[in-house]
Structure formats: structure tokens, C-alpha cells
S.K.: 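I have a structure I would like to understand better, so I am pasting it below and will then ask my questions one at a time.
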Amino acid sequence: MRTAEAFRMALEALRVNRLRSALTMLGVIIGVSAVVILVAIGTGAKDAIEDEISGLGSNIILVVPGQLNFQAAPTQSRLDLGDVNYVRRVVGDPSRVTVSVQSGENIRVGRNEAFVTVVGTDENIRNVFERPLKRGRYLTETDIDTRRRVAVLGSEVSEQLFGDLDPVGRQAMIAGVRFRVVGVYEKVGATFGVARDRETHIPVTTAQRLLGVERVNGIAIGASGPDVIDSLGQRVVDALTARYPDEKFSAVTQTQLLGTIGTVLGMLTGVLAAIAGISLLVGGVGVSNIMLVSVRERTKEIGLRKALGARQRDVLGQFLIEAVLLTTIGGTIGIALGVGGSLLIETLSPVPASITLWSILLAFGVSAVVGVFFGVAPARRAGRLDPVVALRAE
Amino acid sequence: MTAFEAAGLTRSYQLEGVTVDALRGVDLTIGDGEFAAILGPSGSGKSTLMHLLGCLDRPTSGVLKVGGVDVSTLDDTRLAELRNQMIGFVFQSFHLLARTSALDNVALPLVYRGVAKTERRARARRALEAVGLAHRLDHRPSQMSGGEQQRVAIARALVGDPQVVLADEPTGNLDTRNGEEVMGLLERLNTDQGVAIVLVTHEPEVANRARRQIHVRDGLIERDVA
């Protein structure tokens with residue numbers, strides 16, 4: 001018997017039992033669409049967080065004393081501006097190194113008041129982090145060198161204090177000291193819960209005087225390319241450790257963050273897919289069940305086919321193809337529903353969903369394999385039926 | 001040439017631990033182009049004999065040659081191919097596929113022979129025309145009378161140009177007129193095309209249409225009247 005003929009027969013059998021075929025497929029449809037949707041959500045979440053991290057800038061290395069946090073409390077830091085210059089020499093390109101001293105402070109304009117993160121930094125922050133400017137200018141080297149009392153506001157700070165007014169050139173009181181606003185940043189959103197739009201940047205030298213500290217919280221380096229990140233980070237940590245043998249320093253790279261988060265979210269996606277896979281498996285059991293019923297019901301037909309010359313493999317093939325068609329047609333419908341569902345979730349809810357080709361191929365492949373796996377037992381039973389017994393069956 | 005050649009054929013079954021000897025040593029030769037009836041009361045072993053002749057079942061012991069081939073040398077696959085090539089079946093309850101047109105029912109044996117669809121349909125059409133059902137090609141079994149259904153079944157038995165047609169109580173479910181028509185068809189088939197017909201029946205008047213009557217009783221051939 002030709003394969004095309006076997007497919008035609010199987011399709012015919014499915015068509016004849018339309019309702020039953022549809023209900024049997026339902027298990028597979030639900031399983032496959034669940035796999036596609038859950039993987040899409042998992043991947044979407046991963047993409048969103050990775051975007052957030054990459055949104056900081058590219059090839060960033062954070063050098064912090066002791067613990068792995070760029071925004072640690074100043075008291076724990078051993079690093080001062082001399083160390084920053086030392087790091088600049090180690091890195092070779094001073095413009096790729098920037099610094100942070102920070103503190104929560106009140107900022108007041110007229111009657112408007114806000115509590116913001118005041119970050120003392122330098123002119124190089126724009127070379128390391130992605131901080132586009134909306135109005136005015138960035139901090140300059142002169143601002144740092146001459147300890148000017150100038151500030152660049154985060155978009156939210158600007159809105160809260162000045163509303164629709166252009167704040168550039170206006171004055172603001174930070175911790176009771178008069179500052180002149182020289183620029184406003186574009187909205188950049190939050191990264192890891194750090195509201196970067198609620199920051200106010202002032203020259204690091206001014207910040208140290210304002211806060212009464214000599215230290216800096218951390219140093220950030222923008223590496224020239226992704227391939228030098230790890231070696232550069234290690235070089236800086238080694239240099240600092242050589243300078244302060246009793247201290248510990250750490251370099252955190254975006255790649256490390258992405259790697260860690262990617263692993264966690266990848267695992268999460270895997271777990272979701274596995275759960276959905278179980279429902280696909282249950283769908284497969286349903287297929288097996290229905291195929292067994294079908295074989296029993298059509299015993300006479302099988303007997304007749306055998307009498308007319310159907311070989312064991314012809315009958316086996318017919319029922320196996322029927323099972324595989326059930327699961328692959330179900331799988332195709334499930335993929336369509338899964339893709340549709342993912343797009344719907346993406347549109348109607350804040351949950352990001354990103355459809356991946358591999359989940360679609362996997363879901364389809366698994367449903368075909370499920371069809372073969374769960375179709376074999378009923379099909380073998382059909383193929384092995386004794387024609388005399390089968391013909392007599394009622 | 002002989003269609004069937006059986007020597008010392010036995011067939012026993014295990015029924016709930018009890019051995020039942022359905023056939024207890026049958027010697028039988030049916031030549032090409034013969035028209036023979038196998039007669040006997042129910043439980044005589046005539047159906048078992050027909051299943052063995054039809055290669056639907058294998059003997060417990062003894063030798064059976066179909067078209068000169070010893071069936072004990074064939075595996076299940078070859079046996080299925082032998083059935084497909086040599087034997088046409090006509091059953092008491094027609095055994096047509098419901099929800100399938102007369103044409104496709106008739107073409108079914110050719111599917112298992114690997115005949116292409118166009119040729120299959122052309123041959124099925126000719127077979128249906130030969131049994132006088134040219135106007136029923138696209139009808140389903142449920143849309144046809146019992147007599148017509150049995151004629152479809154005969155067309156299906158013929159379509160593969162078999163050497164033998166085995167008919168198991170072919171008139172059992174039909175009224176006299178339709179039974180008569182079916183018998184007439186089988187006779188024509190035998191005389192015009194030289195196909196051997198082996199008829200299993202318990203009705204003497206049907207058996208008398210055959211040129212040879214083989215009486216089976218208690219698993220043995222009791223009388224063989226030519």
C-alpha cells in the first residue's frame with residue numbers, strides 16, 4: 001500500500017468521527033498552546049530584563065569595594081578620588097572611567113520639594129552609561145575641577161520641581177545649598193528597582209564637600225569592546241588589591257548580570273515548558289485511549305481489510321498515521337492558538353511575550369513524537385488482529 | 001492446476017482450556033474452474049474449512065496448497081499477499097465499509113496491491129458494471145438494498161482477477177429473488193470467466209446449484225458428490 005493512500009484512509013477515518021477526533025485533539029491542542037504561550041512569556045520576561053540591563057549602556061564594568069553593589073553605603077568604601085585617577089591610569093583611557101558618590105537628599109524649588117538620590121559624578125558618566133540629554137548640557141570637567149554647584153536633573157525630578165517649565169538656568173536648593181540647573185536627562189526608566197529618573201547629578205567634588213566625605217561609592221568603567229570586559233575588570237581589581245592588600249574589591253560586569261539572570265529565567269522558562277509538556281503528555285494518553293477504542297470498534301473493518309490482502313504493516317501503518325495525524329493536526333492548531341494567545345497577552349497585559357521558533361518546532365515535534373509513541377500500542381494491536389476472529393466480531 | 005489441495009488437514013482450538021477439534025483430517029482437492037459447495041450443519045467445521053482455504057487461518061496439522069503453494073511456507077505477510085492475489089471473498093453479511101462509496105469499496109483490494117488510483121477506479125468501475133451496478137458507483141452501502149450490497153461485494157471479490165471466489169453463505173441474508181440473482185452472478189462468473197467458486201452453505205437448494213457437493217460433518221468430509 002502506498003503511503004499517500006494510508007494518509008487518505010487515516011484522514012477519512014478522522015473525518016468520519018469528527019467530534020471524537022476533535023475532542024481527542026483538544027488535549028494536544030491545550031498542551032501545545034500551553035507550551036508555546038508559557039515559553040513566550042518566559043522568553044519575553046528574559047528579553048525585557050536583558051533589555052533593561054543593556055539599556056544601562058554597553059560593556060560596563062562596576063568596580064566596588066568589598067561587596068557587589070555600585071550603590072553601597074559610603075562608609076564601607078575605601079576608595080577616594082586618588083584611587084579613581086589610579087584606576088584611570090590602569091585602564092589607560094581616562095574618559096572611560098566614571099565615579100559615584102551618592103546620598104538621599106531633599107531638593108527644593110520654591111514651594112516644591114522632592115527627596116531624590118543625589119549622585120556625585122563626573123563628565124565621563126555619559127561615556128559609560130546610556131544617559132541621553134533632553135535639555136541643556138552634561139557636567140563638564142570644569143564643573144568638577146572648580147567644584148561648581150551645578151546639577152543635571154533626572155526627568156522625573158525635573159517634572160516634579162518645575163512642571164512644564166524649562167529648568168535649565170534656574171536654581172534649586174539641594175540639602176540647603178543653592179545649585180544651578182544646567183541640564184535635564186531623558187526618561188530612561190528603572191533598572192533593578194533603581195529609579196534612574198529620580199536621580200540628580202552634581203559634580204563629584206561638590207558632592208563630597210556637600211556630604212562631608214572623602215570617599216567614593218564605586219567606579220564604573222566602559223570597556224572598549226565585549227571581549228576585553230573580563231580581562232579589564234580583573235586588571236583593575238588586581239591593581240586595587242595591590243594598592244590595598246587588606247581590602248577586597250569586586251568587578252561586576254553586565255555579562256555576569258545577564259548570565260546570572262539569563263540562567264535563572266532560562267530555568268524558569270524550562271520549568272514552565274516542562275509543566276506544559278506534562279499536559280501534552282496527558283493529551284497523548286488521551287490519543288492512545290481513543291485509538292484503542294477505535295481499534296476495538298473497527299475490529300470487523302480490520303478483519304475485512306486483512307481478508308482482502310492488507311498486511312500487518314498496512315493495518316499498523318493506517319492506525320499509526322491516524323494517531324500521528326491526530327496529534328500533529330492538534331499540534332498545528334495548538335501552535336496557532338499559542339501564537340495568537342501570546343500576541344493577545346502581549347497586547348492586552350503588561351506581561352511581555354516573545355514567540356520563539358524553537359518552542360514552536362519543539363511543540364510540533366513533541367506532538368508528532370507523542371502521536372507515534374502513544375499510537376504504536378493501539379496500531380500494533382490492530383495489525384496483529386487475527387482476521388478470522390476480527391471478521392466474527394460484533 | 002488445482003486451486004486447493006489439502007491432505008490430512010486438522011484444526012483445533014483451545015476454548016477455556018478444552019481442546020475443540022473443528023477439523024479432524026480433511027483430504028480435499030478442488031480444481032481450477034470448479035464450482036463446489038461445502039455443506040454441513042452448524043458446528044460441522046465447514047466455516048473452519050473455508051477460513052483455512054481462504055488463508056485467513058492456518059491448519060494445526062496437515063498440508064494445504066493454494067494454487068500450488070504450500071501455505072505453511074509463507075509468513076503472515078506473504079499469506080496476506082496470497083489472499084490478495086488468488087482469492088476473492090463474499091461474506092454472508094457483505095462486510096462493506098460503511099460511509100465508503102461502492103466504487104471505493106470495490107477498489108479496496110487493489111489498494112493493498114499498490115495499484116494506482118486511476119487504474120484502481122477504472123477496474124472497480126468495470127467490476128461494478130459486470131454485476132449490473134453501473135448506476136450505483138457513488139452510492140454508499142446504506143443507500144443500497146441487501147441484494148445490491150452483495151453484488152458490490154461480488155464485484156470486490158472479482159476486481160483482483162482471483163483464481164477462486166470463496167462465498168460464505170452468500171445468500172443467507174437475502175430474500176429469494178436477490179438470492180437467486182446472486183447465485184446467477186456466481187454461476188456466470190464460473191462459466192464465463194472460469195473462476196473457481198467454493199460456496200459454503202447449509203441450504204441444500206443453494207448447494208444444488210453447484211456442480212459438486214462436499215458434505216462436512218463433525219470435522220470430516222462425509223460425502224463428496226460430483
Side-chain angles (χ1 to χ4, degrees), chain A residues 1-22 290 293-322 325 379-394, chain B residues 11 13 22 47-58 74-101 104-117 120 140-141 153 156-160 162 165-166 168:
Chain A
M1 186 173 53
R2 294 160 188 223
T3 318
E5 204 57 47
F7 270 99
R8 205 189 55 75
M9 272 184 199
L11 271 175
E12 179 62 23
L14 296 183
R15 200 182 58 78
V16 162
N17 282 304
R18 252 174 247 124
L19 180 63
R20 187 165 78 185
S21 307
I290 285 299
V293 171
S294 180
V295 168
R296 173 149 296 196
E297 235 180 47
R298 287 151 66 191
T299 302
K300 238 178 167 164
E301 176 197 326
I302 295 164
L304 172 76
R305 287 179 185 276
K306 287 199 141 184
L308 297 184
R311 288 152 294 200
Q312 192 164 321
R313 65 167 183 268
D314 293 329
V315 175
L316 186 140
Q318 185 191 340
F319 280 86
L320 195 57
I321 288 171
E322 229 177 282
L325 275 179
R380 278 167 76 108
R381 176 175 286 200
R384 284 182 180 165
L385 274 176
D386 180 346
V388 172
V389 175
L391 277 171
R392 275 207 209 105
E394 278 313 320
Chain B
R11 181 70 173 96
Y13 303 99
S47 288
T48 304
L49 181 56
M50 196 199 90
H51 290 147
L52 289 180
L53 295 181
C55 301
L56 294 170
D57 195 6
R58 292 171 184 274
L74 303 180
D75 61 13
D76 285 353
T77 300
R78 301 289 303 281
L79 208 58
E81 286 163 1
L82 184 75
R83 281 198 294 274
N84 185 267
Q85 300 279 343
M86 305 260 311
I87 299 163
F89 287 97
V90 178
F91 301 100
Q92 180 174 1
S93 49
F94 325 138
H95 281 315
L96 299 175
L97 294 182
R99 298 193 181 94
T100 303
S101 70
D104 285 336
N105 260 298
V106 172
L108 192 56
L110 301 180
V111 168
Y112 295 114
R113 208 181 279 188
V115 177
K117 190 166 183 172
R120 222 158 59 205
R140 293 178 183 174
R156 181 180 63 193
L158 289 182
V159 76
V165 167
L166 289 177
D168 187 3

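Letters go in sequence order (proteins before strands), and every chain restarts at 1. The analysis underlying the following values was restricted to heavy atoms, covering all of them including side chains, and did not include hydrogens, waters or symmetry mates.
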S.K.: Using a 4.5 angstrom heavy-atom cutoff, name the option from B:Ala80, B:Ala157, B:Gly160 with the most pairs to chain A.
M.R.: B:Ala80
S.K.: Counting C-beta onward and ignoring hydrogens, is there a side-chain heavy-atom pair between A:Leu304 and B:Arg156 closer than 4.5 Å?
M.R.: yes
S.K.: Give the member of B:Thr48, B:Leu108, B:Leu56 that has the highest number of heavy-atom pairs under 4.5 Å with chain A.
M.R.: B:Leu56
S.K.: Is B:Ala116 in contact with chain A via its backbone, its side chain, both, or neither, using a 4.5 Å heavy-atom distance?
M.R.: both
S.K.: Kindly indicate whether the side chain of A:Arg298, heavy atoms from C-beta on, has any atom under 4.5 Å from the side chain of A:Phe319.
M.R.: yes
S.K.: Give the intermediate values and the outcome of salt bridge (Lys or Arg N to Asp or Glu O under 4.0 Å) for residues B:Asp57 and B:Arg11.
M.R.: CA-CA 9 Å; B:Asp57 195 6; B:Arg11 181 70 173 96; 2.8 Å; yes
S.K.: Measure distances from B:Arg120 to the heavy atoms of chain A and classify the residue's part below 4.5 Å as side chain, backbone, both or neither.
M.R.: side chain
S.K.: Which atoms of A:Arg384 are under 4.5 Å from chain B, going by heavy atoms: the side chain, the backbone, both sets, or neither?
M.R.: neither
S.K.: Among B:Ile87, B:Thr100, B:Leu97, B:Asp76, who wins on heavy-atom pairs under 4.5 Å with chain A?
M.R.: B:Leu97
S.K.: Within the side chain of B:Asn84, is there an N or O that forms a donor-acceptor pair under 3.5 Å with the backbone of B:Glu81?
M.R.: no
S.K.: Would you say that A:Val315 contacts A:Leu385 through its side chain, given a criterion of any heavy-atom pair below 4.5 Å between the two side chains?
M.R.: no
